[in-house]
*Asks:* 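Below are the structure tokens for one structure; questions will follow.
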Amino acid sequence: MAKKSFGQLNPAQKEAVTHGNGPLLVLAGAGSGKTRIITERIAYLVSSKNVAPRSILAVTFTNKAANEMKERIHGLIGQDARSLWIGTFHSVCLRILKREITNLEGFGRDFTIYDDGDQLRLIKQCMAELNISDRTYTPRSIRSKIDGAKNKGLGPEDFRGDIYEKTVSYIYDLYEKELRRANALDFSDLLHVTVRLFIEKPDVLKRYQGFFQHILVDEYQDTNPVQYKIVELLSKKHRNLFVVGDDNQSIYGWRGADITNILGFEKDYPDTSIIKLERNYRSTKTILEASNKLISNNRHRHEKELWTENSLGESISYYLARNEKDEAKYVCSQIRLEAVKEGYSYKDIAIFYRTNTQSRQIEEELLYSSIPYRIVGGIGFYQRAEVKDVLAYLRVIANSQDEMSLRRIINVPARGIGKGTLQILEDIAEKNGVALYDALDLAAEDKTLPKSSAVKLEKFYKLVTELISYSRENGIGELIDRVLQKTGYLDILEREPERRENVGELFNIAAEYENEGAEGDTPQPKESENTELNEFLDRISLASDLDTYNDKTDQVALMTLHSAKGLEFPVTFIIGLEENLLPHFNSVRGGEIEEERRLLYVGLTRAREKIYLTSSSRRLVFGKEESPTPSRFLSEIPEAFITANMYQGESRRTSGNRSEKSNLPLKTPVRQSGNGKSYKAGQQIEHKKFGLGTIRKVEGSGDKAKVTVHFARYGTKKIIASYLEGK
């Protein structure tokens, strides 16, 4: 195989791609070509260092990124790319578990993967069984606690302390038992159980450690503790760990990501090398300089300064709206202007917001203005009722122990099996110590069940048994068609065209899957019990609505700032730059201002050419009109980069480094003490005794001002301004 040529890489990229052995941290700024260096690095290892493709593991954070990486590598090294291990953490761990999970007692290889909805229903079931009120403890909060625990590698026994912690422990313990009984894993288990496998079965870990000679991890700043552990365990033997990330874009702390993984990488791997990719190929100079100034206010970060050879570009537009309706009208008017006067397509434009609730007013105005749009990251295709119904049938066919799916389909379409009959069936299962599906076979002989109900259950049992038999001899598309015909579900779809089209898309997905080849080589693969149907369902379980995003349809994209990660657009709008919205009040209260600033930074750096920012003078919050304060982040972007307007028609035009003064609220009010130091909510300070803290509130002014500060270690303290610095 011919050796690689690196003529199109810049010096820093080339240095990263051609790195020798040992750990390497690549600090890759937004738009610096980080995905490219991972693909080029893999091609370099294969073509220039003769590394076997199957001994390379590359981990990304979305299926879309993984598929793009596979395509690029295939273009660089040819068919050898088929044997590479490339995927998300969850997909890689799923591949391992499908081959190795039977090494752990109580787990079967053909397990089902429960999604968020399945989790929630099972938690509600567990709470009911434990007589725990869902008014006192909401199922969603319990699910969040369980997911958070699994992402840290914690089990039910690790919850100690107050009554809430003990209650979570009881629910978590029963929840785990019910998962095992149903031969199911939840999404977090894919990682959690893999770590358990490696720790409890060192021979399995040793085999994979030897197999993976090079490990590459994208978006390392978003790894959580259990992902960190997986990487640490697998890389211990060869220590060829190549991680790429940007601490400035770490925005998933709320779901367990730990920024200290990237900030402390050189401490964890003392012999590591560090390379910075600071040249940006995406945005204008104005956008980059404004973004650099904003993020420089964060203290916990690696120092780097993005630069570009792109043009200066236009200044950032800021609009202070009268209310959210005026904000929506302004956004739509500017979109029309960009589309008609400037020649942009609708697909070139995106609207970002902090919370999903902000989209309603924008959507109404877009509809009124006849501007086509799509929501990215909303209700996904696989969450639609008819799709979940058909998939539930397939899941029961693949794993008859999947009681959650069985409960969903037992009376869909309606076949006269109500809650009372289902309860008796559950009692039969418990009395005989069998699964719900097996209880169907016993129902006819049970005297507690009315004869008419027994007949219905027996008929349903025969239906499922026949479908299971049919699945062993036929393809997935044929099986879906059989399910629709035999269950009568097709009659429902005939009356509802939109739902029929959704199920039709499921046929397309099945056809695409069946046309693809098998995955690459694996370390000492075992005889697999897994069928084509199981593998198809596994693929669907890992799917994300964001993975299906494409810019082929000419529509404006609407999404949260969290969903915008990894995307880019010529023109972007970021709406709702207000205190308690961006930054969000939960983050302000929890002292997570730096992550909120990183979130805005991500939004700014998605833009290639133009940015519009908005905030509102009045906004409805829980039915009451409030007067929000413009976001403190606006004052952190130099005025030289902004053209500002407000609904009265007053404006401030900027040119170069000079600007005309105006009364627009771009500066956050501060309180100044007598010693000349100014304090404001959201500001971080370092106290001599309590360490690093975030100011939440300032009351009064001067040396006697009362400043409320949240310290990570000591909690919230109220300190007189003159003593704030520990003097």
*Asks:* Without hydrogens or angle criteria, can the side chains of S141 and T138 be said to hold a donor-acceptor pair below 3.5 Å?
*Replies:*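 A donor-acceptor contact under 3.5 Å links the two side chains.
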
*Asks:* Got a salt bridge between E699 and K718, using NZ or NE/NH1/NH2 to carboxylate O under 4.0 Å?
*Replies:*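 Here E699 pairs with K718 in a salt bridge, since their nearest N and O are under 4.0 Å apart.
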
*Asks:* Working note: L600 + L577, criterion side chain to side chain contact (heavy atoms under 4.5 Å, CB included); need CA distance, chi angles, decisive distance, verdict.
*Replies:* CA-CA 9 Å; L600 178 56; L577 268 81; 4.1 Å; yes

*Asks:* Could you tell me which non-hydrogen atom of E579 sits nearest to which non-hydrogen atom of P630, and how far apart they are?
*Replies:*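 Here E579 and P630 meet closest at CG-O, 3.8 Å.
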
*Asks:* State, yes or no, whether a side-chain contact exists between F242 and I37 at a heavy-atom distance under 4.5 Å.
*Replies:*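 They are in contact (side-chain heavy atoms under 4.5 Å apart), so the answer is yes.
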
*Asks:* Please confirm whether the backbone N or O of S32 pairs with a side-chain atom of N280, one donor and one acceptor, at under 3.5 Å?
*Replies:*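 Looks like no, no N/O pair under 3.5 Å.
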
*Asks:* Keeping the roles fixed (side chain from R598, backbone from Q249), state whether a donor-acceptor pair exists under 3.5 Å.
*Replies:*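 Not a single qualifying donor-acceptor pair exists.
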
*Asks:* State whether the side chain of S369 and the backbone N or O of I371 hold a donor-acceptor pair below 3.5 Å, judged by distance alone.
*Replies:*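 Between the backbone of I371 and the side chain of S369 there is no qualifying donor-acceptor contact (under 3.5 Å).
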
*Asks:* Which residue, I362, T614, L558, forms the side chain to side chain contact (heavy atoms under 4.5 Å, CB included) with Y353?
*Replies:*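 It is L558, the one option of I362, T614, L558 that forms the side chain to side chain contact (heavy atoms under 4.5 Å, CB included) with Y353.
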
*Asks:* Is the number of heavy atoms from other residues, nucleotides or ligands under 6.0 Å of Y368 OH greater than 12?
*Replies:*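 No, the 6.0 Å shell around OH holds no more than 12 heavy atoms from other groups.
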
*Asks:* Side chain to side chain contact (heavy atoms under 4.5 Å, CB included) for L263 and Q221? Distances and angles first, verdict last.
*Replies:* CA-CA 8 Å; L263 293 178; Q221 78 281 350; over 6 Å; no

*Asks:* May I ask you to decide if L582's main-chain N or O and S631's side chain share a donor-acceptor pair within less than 3.5 Å?
*Replies:*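 Side chain of S631 to backbone of L582: a pair is present.
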
*Asks:* Decide, yes or no, whether a salt bridge links R597 with E636 under the criterion of side-chain N to carboxylate O below 4.0 Å.
*Replies:*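 Salt bridge between R597 and E636, a charged N being under 4.0 Å from a carboxylate O: yes.
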
*Asks:* Rounded to the nearest 0.5 Å, what's the gap from CG on D247 to CG on N298? Could you check?
*Replies:*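 That separation rounds to 9.0 Å.
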
*Asks:* Nearest 0.5 Å please: distance from the OG atom of S587 over to the CG atom of L581.
*Replies:*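 Spacing of OG (S587) from CG (L581) equals 11.0 Å.
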
*Asks:* Donor-acceptor pair, D258 side chain versus T260 backbone, under 3.5 Å?
*Replies:*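 Checking the backbone N and O of T260 against the side chain of D258, a donor-acceptor pair under 3.5 Å is found.
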
*Asks:* To the nearest 0.5 Å, tell me how far S617 OG sits from L320 CG.
*Replies:*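 Result: 3.5 Å between the selected atoms.
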
*Asks:* Within this structure, what is the CH2-CG distance for the pair W254 and N586, rounded to the nearest 0.5 Å?
*Replies:*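 Reported to 0.5 Å precision, the distance equals 12.0 Å.
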
*Asks:* Got a salt bridge between R322 and E327, using NZ or NE/NH1/NH2 to carboxylate O under 4.0 Å?
*Replies:*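 Answer for the salt bridge query: no.
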
*Asks:* Any side-chain to backbone donor/acceptor pair from R143 onto D116? Under 3.5 Å, distance only.
*Replies:*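 Yes.
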
*Asks:* How long is the span from the NZ atom in K229 to the CG atom in N151, to the nearest 0.5 Å?
*Replies:*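 Reported to 0.5 Å precision, the distance equals 15.5 Å.
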
*Asks:* With a 4.5 Å cut-off on side-chain heavy atoms, are Y319 and Q334 touching?
*Replies:*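 Not in contact.
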
*Asks:* One thing to verify: whether K610 and E314 come together as a salt bridge, which I'm taking to mean a side-chain N less than 4.0 angstrom from a carboxylate O.
*Replies:*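 Yes, charged N to carboxylate O under 4.0 Å.
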
*Asks:* Does F89 have its ring centroid less than 6.0 Å away from the ring centroid of F61?
*Replies:*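 That pair passes the under 6.0 Å test.
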
*Asks:* Do Y344 and E609 get their side chains close enough for a donor-acceptor pair, meaning under 3.5 Å?
*Replies:*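 Yes - a donor-acceptor pair under 3.5 Å links their side chains.
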
*Asks:* Should F265 and V243 count as side-chain neighbours, where that means a heavy-atom distance under 4.5 Å?
*Replies:*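 Yes, side chains in contact.
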
*Asks:* Run the salt bridge (charged side-chain N to carboxylate O under 4.0 Å, His left out) test against E365 and tell me which residues pass, sequence neighbours left out.
*Replies:*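 With neighbours one apart ignored, the set is K329.
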
*Asks:* Check step by step if side chain to side chain contact (heavy atoms under 4.5 Å, CB included) holds for V217 and V244.
*Replies:* CA-CA 6 Å; V217 184; V244 182; over 6 Å; no

*Asks:* Treating E595 as the side-chain partner and G253 as the backbone partner, does any N or O pair qualify as donor plus acceptor under 3.5 Å?
*Replies:*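 Yes, the answer is positive, given that a donor and an acceptor are paired below the 3.5 Å cut-off.
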
*Asks:* Would you say the side chain of L191 lies within less than 4.5 Å of the side chain of K150, judging by non-hydrogen atoms?
*Replies:*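 Of all side-chain heavy-atom pairs linking L191 with K150, none is under 4.5 Å.
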
*Asks:* Decide whether Y281 and N10 meet the rule of one side-chain donor and one side-chain acceptor closer than 3.5 Å.
*Replies:*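 N10 and Y281 do have a side-chain donor-acceptor pair below 3.5 Å.
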
*Asks:* Between R619 and E578, is there a salt bridge with N-O shorter than 4.0 Å?
*Replies:*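 Answer for the salt bridge query: yes.
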
*Asks:* One pair to check against side chain to side chain contact (heavy atoms under 4.5 Å, CB included): T560 and T355. What are the steps and the verdict?
*Replies:* CA-CA 6 Å; T560 65; T355 66; over 6 Å; no

*Asks:* Between D147 and S188, do the side chains contain a donor N or O and an acceptor N or O under 3.5 Å apart?
*Replies:*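 There is such a pair (donor and acceptor under 3.5 Å, judged by atom type) between the side chains of S188 and D147.
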
*Asks:* Once rounded to the nearest 0.5 Å, what's the spacing between atom CD1 of I611 and atom CZ of F352?
*Replies:*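 I611 atom CD1 to F352 atom CZ measures 9.0 Å (nearest 0.5 Å).
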
*Asks:* Treating Y252 as the side-chain partner and H562 as the backbone partner, does any N or O pair qualify as donor plus acceptor under 3.5 Å?
*Replies:*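 Yes, Y252 side chain to H562 backbone: donor-acceptor pair under 3.5 Å.
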
*Asks:* Would you find a donor on one side and an acceptor on the other, under 3.5 Å apart, between the side chain of E596 and the backbone of H584?
*Replies:*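 Judged by distance alone, yes, a pair lies under 3.5 Å.
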
*Asks:* Would a 4.5 Å heavy-atom cut-off, applied to side chains only, mark R608 and F569 as touching?
*Replies:*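 Contact flag for R608/F569 side chains = no.
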
*Asks:* If the plane angle is over 60° it's perpendicular, under 30° parallel, otherwise tilted; pick one for Y330 and Y612.
*Replies:*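 If you compare the ring of Y330 with that of Y612, the planes turn out perpendicular.
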
*Asks:* Hey, does F633 have a side-chain heavy atom less than 4.5 Å from the side chain of I593?
*Replies:*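 I593 reaches F633 side chain to side chain.
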
*Asks:* Cut-off 3.5 Å, side chains only: do R282 and T605 have a donor facing an acceptor?
*Replies:*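 Judged by distance alone, the side chains do not pair up.
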
*Asks:* Before you tell me yes or no, could you show the steps for Y137 and Y164 under ring-ring contact (aromatic ring centres under 6.0 Å, His included), namely the whole-Å CA-CA distance, both residues' side-chain angles and the distance that decides it to 0.1 Å?
*Replies:* CA-CA 8 Å; Y137 304 94; Y164 178 71; 5.7 Å; yes

*Asks:* How about D218 and T35: do any of their side-chain heavy atoms sit closer than 4.5 Å?
*Replies:*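 Yes, side chains in contact.
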
*Asks:* Quick check against the 3.5 Å criterion: does S345 have a side-chain atom that pairs as donor or acceptor with the backbone of K347?
*Replies:*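 Side chain of S345 to backbone of K347, a donor-acceptor pair under 3.5 Å: no, none is there.
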
*Asks:* State whether R301 and E594 are salt-bridged, where the test is any N-O pair (Lys NZ or Arg NE/NH1/NH2 against Asp/Glu carboxylate O) under 4.0 Å.
*Replies:*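 E594 and R301: not salt-bridged.
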
*Asks:* Identify whether the distance between the nearest side-chain nitrogen and carboxylate oxygen of R360 and E363 falls below 4.0 Å.
*Replies:*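 Not counted as a salt bridge, because no side-chain N and carboxylate O are separated by less than 4.0 Å.
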
*Asks:* Could you list all the side-chain hydrogen bond (donor to acceptor under 3.5 Å, both in side chains) pairs where at least one residue sits in residues 283-296, not counting sequence neighbours?
*Replies:*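 Non-adjacent pairs meeting side-chain hydrogen bond (donor to acceptor under 3.5 Å, both in side chains): zero.
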
*Asks:* Go through it in stages, so that I can follow the logic: the residues are T643 and S315, the test is side-chain hydrogen bond (donor to acceptor under 3.5 Å, both in side chains), and I'd like the CA-CA distance, side-chain angles, deciding distance and then a yes or no.
*Replies:* CA-CA 6 Å; T643 296; S315 60; 2.6 Å; yes

*Asks:* Hey, which of K34, K276, K304, K565 is the one that makes salt bridge (charged side-chain N to carboxylate O under 4.0 Å, His left out) with D246?
*Replies:*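 Of the listed residues K34, K276, K304, K565, the salt bridge (charged side-chain N to carboxylate O under 4.0 Å, His left out) partner of D246 is K304.
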
*Asks:* Consider only side-chain N and O atoms of Y346 and E338, and report whether a donor and an acceptor are under 3.5 Å apart.
*Replies:*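 No pair is found: no donor N or O on one side chain lies under 3.5 Å from an acceptor on the other.
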
